[in-house]
Amino acid sequence: MAEEWKRSADVVIIGAGIQGCSIAYNLAKLGVKDVVVLEKDTPTAGSTGRCAAGIRAQWGTKMNCQLGLASLEILEHLHEELGMDIGLHQGGYLMVAYKESEFEQLKKNVALQNSLGITSRVVNKEEAYEICPTLSAEDAVGFTYHHRDGHADPFLTTIAYHKAASEKGVRFYKFTECTGIKVKGEVKGVVTTRGEIDTPVVVDAAGPYSQHIAAMAGIKLPFYSERHEILVTEPVEFGVCPCMLMSFSGNYYIQQRPIGSIIAGCSPEGHPEDYSLGNTWNFLEHMSRVIVKLLPKLGGVRVVRQWSGMYNMSPDKQPVIGESKEVKGFYISAGFSGHGFMFGPISGKLLAELIVTGTSSIPIDVLNYDRFERGELIEEPAVV
C-alpha cells in the first residue's frame, strides 16, 4: 500500500537527524497536530549517525554552557520520557592541556561553568591518572574534569525521538529530498522529489546541507561543511578509557563504549570544505599513534572500521537557532560545528517553544544569524 502523501502541513522539517527528530517530537508534545519531516535518506543516515556521540557541559561561552547543561539534564531522564534506552554513559570528560595558555583558558572555562551550576573542576596529574588509570600524559600541563559528561548512542537516541514523534502523529517521509522552498514574502510551502506540501512554517535542520536549503529560501548562511574522520577498534576490557579524553591543542577525542570498543577522531588539517565522506590512510596512521601514545595498553589492538562525517561549521562555532528575519516562517537549527548531537535534546525543545509560543525557556536571540553581519560573534574556544 502506497504511503499517503500530505499536501499541506502546519510545519515541515527538513532533515531527520537528531535535530529534526527532536524538533518534531517537541512540537508534537506542545500540541502541534500536523508536522511533516522530510529526509532524503533515512533517519540518522547523515551526520548524526556518523558522530562520536559525546555529550558535555564543559564549554567556554555562557550560551554553550547553558545549552550543554540543559541537554545533559534532558538526556539523564530521556529513557523515562521516551520509553527507550538511549545508551547513556556518563564517565565524564577529561580535558587535557599541553600548553600553559590552553590550561589558563580551561581554568577560565571552569570558573564560568561553576558560576552556571556545572560542577567541573581542575584536577592534577595524579587525579587524572585515577580517573583514567591507563593514561600516559606526562607532557600535559593541566587537566579539567566534569563527571556528568560522557556519551549516548546517536542511533538509539534519535530513533527514540523518531518513534515518540511518530506515535504523536508526526509524519516522516524517507527518501524524499527537498528541492525548493516556496516563498512570497513569507514561507508558503516546499517542493520535493515526491511532490509539493503547502505550509506556513519550514524548519531547516539539514545539517551539513543547511546552507543549501536556506539558499532555496533566498537566505545566505555563512556556513561550510568539512569532513571529519573517525575510527573504532575491536572491543577490549572496559576501563582502559572510562572517560572521554579530549584535547584542543592535542587535537583528539577518545572514548570507550560500554561494549569495550575505542572510538577516536580529530579535526582535519586546514579545515577544508569537503563533502566527500572519504577515508584516508594518513588519518588511520596518525590517530593510531595518538591513541597508543596516550593509552599504551592499546598497542596492538586492531582497528575494525573507519568512516567520516561532516561538521556544519559556523564562523564562531556556535549554532544558529531561530527564525529568519528576512523570511517569516523560515526557521533554522544548524551550524552546530560538530556538536549537533549533544545539543539536540535542548535545541529541539527551544526551537519548538519558539515556533509555538514565540519565546523559549532559555533565551536564544543571540543565536540568530544576523550576528555575523553585525560582527557580534560568540567565539567558542572549546572546540576540537
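Numbering of residues begins at 1 and proceeds along the displayed sequence. Given the structure is predicted, the values throughout are model-derived calculations rather than measurements. Basis for what follows: all heavy atoms, side chains included, without hydrogens, waters or symmetry-related copies.
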To the closest 0.5 Å, what do you measure between CG (L82) and OH (Y161)? 6.0 Å

For a 4.5 angstrom cut-off between non-hydrogen side-chain atoms, does L295 reach C132? yes

Any side-chain heavy-atom pair from M95 and N109 closer than 4.5 angstrom? no

Give, for atom CZ of F343 and atom OG of S337, the distance between the pair rounded to the nearest 0.5 Å. 10.0 Å

Quick one: do S115 and K62 satisfy side-chain contact (heavy atoms from CB on, under 4.5 Å)? Show the steps, please. CA-CA 10 Å; S115 74; K62 180 180 178 180; over 6 Å; no

Please determine whether the number of non-hydrogen atoms from other residues, nucleotides or ligands lying under 6.0 Å from atom NZ of K328 exceeds 12. no

Using a 6.0 Å cut-off, check whether atom CZ of R289 has over 12 heavy atoms from anything other than its own residue. no

Is any side-chain heavy atom of I118 closer than 4.5 Å to one of S120? yes

Hydrophobic cluster membership, with links at side-chain heavy-atom distances under 4.5 Å among I/L/V/M/F/W/Y: are V141 and F143 in one? no

Would you verify whether the NZ or CZ of K174 falls within 45 degrees of the ring axis of F172 while also being under 6.0 Å from that six-membered ring's centre? no

Do side-chain atoms of S324 reach the backbone of F330 as a donor and acceptor pair under 3.5 angstrom? no

Euclidean distance, I14 CD1 relative to H212 NE2, rounded to 0.5 Å: 13.0 Å

Restricting to non-hydrogen atoms, name the atom on Y173 and the atom on E4 that form the minimum distance, rounded to 0.1 Å. OH-O, 2.8 Å

Indicate if L284 and W307 have the same hydrophobic cluster label, given that clusters are the connected sets of ILVMFWY residues with side-chain heavy-atom separations under 4.5 angstrom. no

Has the side chain of E127 got a donor or acceptor atom that lies under 3.5 Å from a matching backbone atom of N124? yes

Non-hydrogen side-chain atoms of Y252 and L294 separated by less than 4.5 Å: yes

Can you name the closest pair of heavy atoms from K317 and N64 and give their distance? O-ND2, 4.5 Å

Cut-off 3.5 Å, no hydrogens considered: what does the side-chain donor-acceptor table look like for residues 263-272, sequence neighbours left out?
residue	atom	partner	partner atom	Å
S267	OG	V384	O	2.8
H271	ND1	E226	OE1	3.2
H271	ND1	E226	OE2	3.0

Which heavy atom of P381 sits nearest a heavy atom of T61, and at what distance? CD-CG2, 4.2 Å

Do V35 and L38 share a hydrophobic cluster (ILVMFWY, side-chain heavy atoms under 4.5 Å, transitive)? no

How about L367 and V320: do any of their side-chain heavy atoms sit closer than 4.5 Å? no

Are side-chain heavy atoms of S347 and S71 found at a separation under 4.5 Å? no

So does G239 get a backbone contact from the side chain of Q256, meaning a donor-acceptor N/O pair under 3.5 Å? yes

Give, for atom OG1 of T233 and atom CZ of R305, the distance between the pair rounded to the nearest 0.5 Å. 12.0 Å

Within 6.0 Å of NZ in K182, more than 12 heavy atoms from elsewhere: yes

Do S360 and E353 meet the criterion of a side-chain donor-acceptor pair at a distance under 3.5 Å? no

Between F155 and G49, what is the shortest heavy-atom contact and its length? CZ-O, 3.2 Å

Ring centroid separation Y369 to F223 under 6.0 Å: no

Closest heavy-atom pair and its distance - Y145, C243: CE1-CB, 4.4 Å

Checking E177 side chain against T193 main chain: does a donor-acceptor pair fall under 3.5 Å? no

Partners of H89 by ring-ring contact (aromatic ring centres under 6.0 Å, His included), sequence neighbours excluded? H151, F238

The test is side-chain contact (heavy atoms from CB on, under 4.5 Å); show your working for D10 and V201 and say whether it passes. CA-CA 7 Å; D10 293 331; V201 176; over 6 Å; no

Matching residue for M342 among D149, I55, L75, L72 - test: side chain to side chain contact (heavy atoms under 4.5 Å, CB included): I55

Using a cut-off of 6.0 Å, state whether more than 12 heavy atoms not belonging to E237 lie near its atom CD. no

Checking the side chain of T179 only, and the main-chain atoms of V191 only, is there a donor and an acceptor separated by less than 3.5 Å? yes

Taking it one step at a time, do R56 and M246 satisfy side-chain contact (heavy atoms from CB on, under 4.5 Å)? CA-CA 11 Å; R56 62 179 163 113; M246 175 173 278; 4.0 Å; yes

Check P208 against S47 and note the closest heavy-atom contact, atom names and distance. CD-OG, 3.5 Å

Describe, in one word, how the ring planes of H339 and Y311 are oriented to each other, choosing from parallel (under 30°), tilted (30 to 60°) and perpendicular (over 60°). tilted

Please check this pair: side chain of W59 against backbone of E380, looking for a donor-acceptor N/O pair closer than 3.5 Å. no

Salt bridge (Lys or Arg N to Asp or Glu O under 4.0 Å) evaluation trace for E186 with K184: CA-CA 5 Å; E186 58 187 20; K184 289 185 179 178; over 6 Å; no

Output yes when a side-chain donor or acceptor of E229 lies under 3.5 Å from a complementary backbone atom of F283, and no otherwise. no

Linking I/L/V/M/F/W/Y whenever their side-chain heavy atoms sit closer than 4.5 Å, directly or via other members, would L245 and V240 fall into one cluster? yes

With Y25, which of K349, E167, K163, E81 fulfils side-chain hydrogen bond (donor to acceptor under 3.5 Å, both in side chains)? E81

Taking the side chain from S210 and the backbone from A206, do they hold a donor-acceptor pair closer than 3.5 Å? no

Before giving the answer on side chain to side chain donor-acceptor pair (under 3.5 Å), spell out for R148 and T119 the whole-Å C-alpha distance, their side-chain angles and the decisive distance to 0.1 Å. CA-CA 8 Å; R148 290 175 71 187; T119 54; 5.8 Å; no

Heavy-atom side-chain contact between T280 and R227 under 4.5 Å: yes

About how many Å separate OG1 of T176 and CZ of R194, when rounded to the nearest 0.5 Å? 4.0 Å

Under 4.5 Å between side-chain heavy atoms, hopping through other hydrophobics if needed: is there a path connecting V356 to I346? yes

Run the side-chain contact (heavy atoms from CB on, under 4.5 Å) test on L69 and L116 for me, step by step, so that the C-alpha distance in whole Å, both residues' side-chain angles and the decisive distance to 0.1 Å come before the verdict. CA-CA 9 Å; L69 180 59; L116 296 168; 5.7 Å; no

Quick check: are there more than 12 heavy atoms from other residues, nucleotides or ligands sitting under 6.0 Å from NZ of K107? yes

Please answer whether the main-chain N or O of I219 pairs with a side-chain N or O of E326 as donor and acceptor at a distance below 3.5 Å. no

Taking the side chain as every heavy atom from C-beta outward, state whether V232 and R257 have any atom pair closer than 4.5 Å. no

Quick one: CG on L377 to OG on S314, what's the gap to the nearest 0.5 Å? 7.5 Å

Report yes or no: does T144 contribute a side-chain atom to a donor-acceptor pair with the main-chain N or O of R121 at less than 3.5 Å? no

